[in-house]
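Notes follow once the structure below has been shown.
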Amino acid sequence: MSTPLGETGLAPLRGRTDQRAVRLSLRSALALTVVAVAGLAAFTWPLVVRPEATLAGSTQAPLVLALLLPVVTALALVELTGEGMDVKALAMLGVLSAIGAVLRPLGAGIAGLETVFFLLVLGGRVFGPGFGFVLGTTTLFSSALLTGGVGPWLPFQMIAAGFVGLGAGLLPRCRGRLEIVLLALYGVVSAFLYGMLMDLSFWPFSLGGDTQASYSPELGWWENLQRFWVFNLATAMGWNTGRALTNLVLIALTGPAILAILRRAARRAQFV
């Protein structure tokens with residue numbers, strides 16, 4: 001007796017593949033690549049800037065990057081949400097961004113409990129990497145407006161959250177329990193990576209003097225990387241662990257139901 005299609009995670013996936021809410025043309029893919037490279041450069045500049053560079057020992061770098069990132073991100077968002085996203089996809093983006101903006105204040109500031117990133121993972125999984133990136137940036141922007149958290153750190157938060165949704169859309173295809181395990185593990189890994197990126201954005205200016213955890217422009221990238229690990233373990237590992245556990249629990253408990261709802265909405269929407 002044959003097994004009905006789709007009852008197990010190992011069944012063929014014909015007819016059940018997720019719809020891409022953002023059509024990634026060559027131009028939009030190039031724009032997404034540019035903003036990804038610019039974002040990584042904004043986070044990792046303390047490790048790649050040479051000691052003799054002008055920005056290495058000054059406070060100009062974060063100011064320049066804080067001004068550059070919104071411009072690059074805005075250009076990418078305009079490209080991704082222009083011809084590549086129809087009205088129904090924009091409506092779905094607005095709904096999920098609003099839900100994420102409301103969910104985030106429920107856990108922010110409590111031992112690293114972040115109640116928004118699991119939604120970015122599930123949304124990016126169903127609607128694709130382009131939609132996941134846009135969802136991450138718009139959700140963090142909306143929540144900042146809602147809670148008054150607008151500041152020079154916001155562009156870095158938007159880019160890092162966009163990376164979370166982008167990565168979820170690039171995960172390999174699978175279904176059933178295997179998919180939930182994959183997404184839960186990704187939620188854990190992305191939680192730590194998000195925290196590390198955000199720590200990198202302010203680490204060079206958070207400690208004064210020459211300590212074992214402070215940034216030193218006279219040192220090479222390897223020595224500074226070792227100092228950053230000390231800083232990250234001492235100051236942020238508890239918050240990153242709390243975020244990872246929150247993602248793990250929420251994806252494991254609500255993932256099957258939310259994925260079913262989002263996929264049903266995607267099938268009915270029939271994105272162009």
Side-chain angles (χ1 to χ4, degrees), residues 17-50 53 55 61-86 89-90 92-93 96-97 100 116-117 119-142 144 152-173 182-183 186-187 189-201 221 225 266 271-272:
T17 55
D18 295 331
Q19 294 193 44
R20 295 294 183 260
V22 176
R23 180 177 59 86
L24 287 180
S25 63
L26 179 60
R27 192 173 65 178
S28 58
L30 180 61
L32 189 58
T33 302
V34 170
V35 72
V37 172
L40 289 177
F43 287 112
T44 60
W45 72 266
L47 303 178
V48 297
V49 171
R50 298 180 62 85
L55 297 180
L63 296 177
V64 172
L65 295 172
L67 294 175
L68 177 63
L69 276 183
V71 176
V72 176
T73 304
L75 293 176
L77 293 179
V78 169
E79 179 61 35
L80 291 172
T81 59
E83 297 180 358
M85 183 178 291
D86 63 8
L90 285 172
M92 180 63 67
L93 175 65
L96 293 180
S97 298
V116 65
F117 290 97
L119 186 62
L120 306 183
V121 173
L122 299 177
R125 172 66 172 180
V126 173
F127 298 115
F131 185 92
F133 178 82
V134 178
L135 178 62
T137 56
T138 56
T139 299
L140 269 290
F141 181 75
S142 302
W153 57 83
L154 180 57
F156 296 93
Q157 290 179 332
M158 292 171 59
I159 291 292
F163 286 158
V164 174
L166 174 67
L170 296 175
L171 293 174
R173 301 289 97 186
L182 176 65
L183 293 177
Y186 175 78
V189 174
S190 62
F192 282 102
L193 292 178
Y194 174 88
M196 291 177 185
L197 287 177
M198 291 308 302
D199 287 346
L200 267 174
S201 67
W221 70 271
L225 180 61
F271 301 117
V272 179

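Residue numbers count from 1 along this sequence.
- Residues L154 and L140 come closest through the heavy atom pair CD1-O, 3.8 Å.
- At distances below 3.5 Å, at least one donor-acceptor pair connects side-chain atoms of T137 with backbone N or O atoms of V134.
- Minimum interatomic distance between V35 and L32 (heavy atoms only, all atoms of both residues): CG1-O, 3.1 Å.
- For CZ of F141, the number of neighbouring non-hydrogen atoms (other residues, nucleotides, ligands) closer than 6.0 Å is 12 at most.
- Here the straight-line distance linking atom CG of L40 with atom CG of L197 works out to 7.0 Å at 0.5 Å rounding.
- Taking every heavy atom of both residues into account, G169 and R173 meet most closely at O-NH2, 4.0 Å.
- The aromatic rings of F163 and F133 lie tilted to each other, with the angle between the two planes from 30° to 60°.
- Residues A89 and F131 come closest through the heavy atom pair O-CE1, 3.8 Å.
- Considering V116, L96, L93 as possible partners of T139, the one that fulfils the side chain to side chain contact (heavy atoms under 4.5 Å, CB included) test is V116.
- Annotation: the span from L120 atom CG to T138 atom OG1 amounts to 8.5 Å, rounded to 0.5 Å.
- Remark: L135 CG to L119 CG distance equals 6.0 Å, nearest 0.5 Å.
- Here the closest heavy-atom approach between residue W221 and residue L47 is recorded as CB-O, 2.8 Å.
- Across all their heavy atoms, A161 and F117 have their closest contact at CB-CE2, 4.3 Å.
- Rounding to the nearest 0.5 Å gives a distance of 8.5 Å between CG of L200 and CZ of F43.
- Note on residues 157-169: no pairs pass side-chain hydrogen bond (donor to acceptor under 3.5 Å, both in side chains), not counting sequence neighbours.
- By the 4.5 Å heavy-atom criterion applied to side chains, R125 and Y186 are not counted as neighbours.
- How far CG of L171 is from OG of S190: 9.0 Å, rounded to the nearest 0.5 Å.
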